[in-house]
Every structure is written in structure tokens, then in C-alpha cells.
Amino acid sequence: MTYAIKARGLTRVHGATRALDDVTLNVHENTITGLLGRNGAGKTTFMSLATAQDRPTSGTVSVLGSEPFEHAKVLEQLCFIRDNQRYPDDYKLVHALRAARIFYPNWDQALADELVELFRIPAKTVVKKFSRGQTSALGIVLGLASRAPVTFFDEPYLGLDATARSYFYDVLLRDYQRYPRTILLSTHLIDEMDRLLERVVILDRGRVVQDADVDELRGAAHQAAGSADAVAAYAEGRTVLSRHRLGGLATVVIEGRPDRAAAAGDVELSSVSLQELVAAYGFDGGDSPASEKEVRS
Ligand SMILES: Nc1ncnc2c1ncn2[C@@H]1O[C@H](COP(=O)(O)OP(=O)(O)OP(=O)(O)O)[C@@H](O)[C@H]1O
């Protein structure tokens, strides 16, 4: 397996916050990888460091075999679509497309034209005045038509309606199948996007807590639900990722495969979705109006 991105001990500190904390990670080449985790987990920070838009406090990151900082040959192979992308004040659609065509060696104008039509992106309005969804749609056009060998999408769907999001997923898959490349994508819409993902990296508080094939990950944890005492007995000695209690009933997400022989009483074991798994890894207790939660053990 070759890796498009290699991070070694990658750390970024802002004052008292360790945005990224000693991350060692390989992102597989020609694979769609989901970079998942709660708000503030470090996803944007990782992408910013890998695209040389930020510098690490310590550690290294190499992309396509070289450190990207001030390395033009590597930088032109990268496309980073982030949610707060700024454009010059007078830029209209045509200017954004022209700049992208000049910058990206693999730019596909026919794909860009198709997507502009599909997303109904206005030609006469300055980009600054675009709606949230139109700005996201423009980012998606640039990200896909760039055909950059390593493409980063940081929550690219903000403000997009359901139809446009589904167009995005379909075109991404279609174009990726024709032109395989490395795509690293951060999202909170995990249930909606999990069919796109081949690998998943889960960050929590700046650290990698999971890095696996999606299929492998689906079996990485399971849920046990039932009366609190019976669930507690089943959970005893196992690694509990999250725990929710409502009156006499409890639900826990437990690492590993279900152990049906050990599930006594009314304990029901079931699989967890990728979204539930990511939520469980980000679980840190506290009270919610609907349930009593206990601290991760
Ligand atoms: N320039 C900065 N100055 C101070 N703190 C920062 C800075 N950039 C990021 N952080 C902090 O670093 C942490 C990681 O932020 P980051 O944007 O990488 O998270 P994220 O996983 O992308 O979150 P989200 O899902 O909300 O977009 C957060 O606690 C954030 O507040």
C-alpha cells in the first residue's frame, strides 16, 4: 500500500489548546478517506497542515513524498476546499474558474461546466454575494474539476440543499471511479456520506482514536441495551465507549464484537452505524435533558 499523506508526531498548539496532538497517520493513496470527529477535534487543522496553509508546532507531514511547504510541485497537486474560502471582492464565477484552470494541471473544463449547470451557480452575481449553498457548490466544482491527485474537502456541503448534496455524492463517486485519486473528506453528515468512504480516521481532542477500513470499523463496536443492571453486568470487563441511562434502562456502546453467549436477561445486542460509532468515540459524559450519562470508562 502506498500512502499519499504521512504524518509523524504532527502537533499544532494554539496557546493552551492542542489542536493536533502527536498525530502519526498514513492516508492511503487513491482512496476516499473520511476524517471524522466532533467539533474542535482537529480535522481542519490536519488539512491545513497537510496543505501547508499552516505550520506544525512539531512533527512532520509529507504529501506525495515531500513536505508541501513552499514546494510548488507538490502544492499544484493539492486542492483544499474549505468552508470559509475567500475570493477577491470583484470575482464572479468566470474569474474563479479561470484562476482554477490556470492553477490545476489536471483541470477539466467540461466537468466544471456540467457541475455549474447542475448546481445552478449564478454567472452574473459576484461570488461574495453568493448564498451559503452557492458558495459551497462553487467549492465543490473547483474541488472535483481540479482532479487534483490529493483533494481535501472540509465539510464541503454547508448550506447545500438535499438535492445538491446528492448530486455532489453521485458526481464524486462517478468521477473518482474514472479518475482515481486521494480524497480526504471531513463531514458531520456521516449517515448520509458513509457510502462514499473506504477508510475512516476518527480524531478526538487532536488525537487519532480510530484509523481503519470502513468495513473493518463497522464491526469495531456494538451496542447493548436493556435494564440497567443486566447491561452493567454485560459491560463488566469490556471497553465501554459511551453509556446512556434513562431511568432503569441503559444503552452502552462497547468496543469489539457482540458476545451473545454473555448477554443475559433482557440485554439486546445490535450493530452500531458509523455515525453512532463516531459519536461514541467523542463521548465525554455530562448531563443531557433526556438521559443521565456516565463518564466513559
Ligand atoms: N488559530 C487558532 N487559534 C486558536 N485556537 C485554534 C485555532 N485554530 C484552531 N484552534 C482550535 O484547535 C482545535 C481544533 O480546531 P479544528 O478547526 O481543527 O477542529 P475541527 O475538527 O475542524 O472542528 P469542526 O468540526 O468544528 O470544524 C479547536 O479547539 C479550535 O478552537
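Counting convention: from 1, in listed order, for ligands and their atoms alike. If you read the sequence from its start, that first residue is 1, and numbering goes on from there.
Asp21 has no carboxylate O lying under 4.0 Å from a charged side-chain N of Arg205, or vice versa, which leaves the two without a salt bridge.
Closest of all the heavy-atom pairs between Ser186 and Asp154 is OG-OD1, 2.6 Å.
Through side-chain heavy atoms spaced under 4.5 Å, either directly or across other Ile, Leu, Val, Met, Phe, Trp or Tyr residues, Val208 is tied to Ile5, Leu10, Leu20, Val23, Leu25, Val27, Leu35, Phe46, Met47, Leu49, Val61, Val63, Leu64, Val74, Leu75, Leu78, Phe80, Val150, Phe152, Leu184, Val201, Leu203.
A cation-pi arrangement, defined by a distance under 6.0 Å to the six-membered ring centre and an angle within 45 degrees of its axis, is present between Arg55 and Phe69.
For Glu192, the side-chain hydrogen bond (donor to acceptor under 3.5 Å, both in side chains) criterion is met by Arg165, Tyr169, not counting sequence neighbours. For His95, the ring pair (Phe, Tyr, Trp, His ring centres under 6.0 Å) partners are Tyr91, not counting sequence neighbours.
Pocket lining of ligand 1, defined as residues with a non-hydrogen atom under 4.0 Å away: His14, Thr17, Ala19, Arg38, Asn39, Gly40, Ala41, Gly42, Lys43, Thr44, Thr45, Glu155, His188.
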